[in-house]
Amino acid sequence: METIISSVIAAVTLLVCIINNSQQAARTRNLLDYKLERLRLQIWRSMSMNELKNNTKNWIKAVGITAMKTVAQTAIATIRIVAVISSVDWGMVVSASVLAGFLSILTSIAGLPEVKKG
């Protein structure tokens with residue numbers, strides 16, 4: 001009988017812990033959402049429209065420069081590799097270079113070291 005009572009007490013204790021943990025996780029998630037929203041609003045309020053336009057222009061310019069460098073480097077590398085093996089297939093050079101440029105732009109969404117902060 002003691003074993004059954006101990007098992008029931010352990011099960012109830014475990015259930016209470018699970019419920020409390022679930023509630024705490026929900027509260028923590030709500031607090032993080034609230035803090036992130038406040039931070040986002042502070043950032044937007046601190047930037048004037050001119051700063052926002054300048055930052056966007058600088059970012060687009062840096063993305064373009066980075067993408068063009070990547071396209072050129074890929075084209076040069078592809079031409080060198082293909083020229084050693086056989087004649088240059090320009091379709092392959094162009095498609096590989098365009099793909100590299102597109103991937104460079106996608107990578108730039110994560111952040112660019114070329115854009116000066118501040």
Side-chain angles (χ1 to χ4, degrees):
M1 187 68 172
E2 282 182 30
T3 307
I4 295 173
I5 292 173
S6 295
S7 297
V8 170
I9 290 173
V12 169
T13 304
L14 180 62
L15 185 61
V16 168
C17 288
I18 291 171
I19 291 170
N20 284 339
N21 191 20
S22 168
Q23 291 171 348
Q24 185 62 37
R27 279 187 242 136
T28 302
R29 208 171 15 257
N30 289 337
L31 179 62
L32 284 173
D33 288 342
Y34 171 75
K35 293 288 187 179
L36 285 173
E37 181 63 21
R38 284 191 58 201
L39 180 62
R40 186 186 66 78
L41 288 174
Q42 285 176 344
I43 290 170
W44 280 101
R45 286 182 192 144
S46 69
M47 279 187 162
S48 69
M49 284 308 286
N50 283 337
E51 287 176 319
L52 189 59
K53 285 179 186 176
N54 287 337
N55 288 344
T56 303
K57 285 179 187 177
N58 289 340
W59 185 84
I60 290 172
K61 183 179 177 181
V63 167
I65 291 169
T66 303
M68 290 308 296
K69 286 180 182 178
T70 303
V71 168
Q73 290 167 352
T74 304
I76 291 168
T78 307
I79 290 169
R80 283 185 184 169
I81 291 170
V82 173
V84 169
I85 297 172
S86 64
S87 64
V88 176
D89 179 6
W90 291 105
M92 184 183 75
V93 171
V94 170
S95 67
S97 300
V98 169
L99 177 62
F102 179 71
L103 293 175
S104 172
I105 291 170
L106 291 179
T107 304
S108 297
I109 292 172
L112 286 173
E114 292 87 352
V115 177
K116 292 186 168 90
K117 300 201 168 106

Inset, instruction - Determine the minimum heavy-atom distance between T70 and A100, stating which atoms define it. - result: CG2-O, 3.6 Å
Legend entry - Check: S97 side chain, A75 main-chain N or O, donor-acceptor pair, under 3.5 Å: yes
Legend entry - Euclidean distance, I60 CD1 relative to K57 NZ, rounded to 0.5 Å: 9.5 Å
Legend entry - Heavy-atom pair with the smallest gap, counting every atom of G101 and V71: CA-CG2, 3.6 Å
Legend entry - In one Ile/Leu/Val/Met/Phe/Trp/Tyr side-chain cluster, 4.5 Å: I105, M68: no
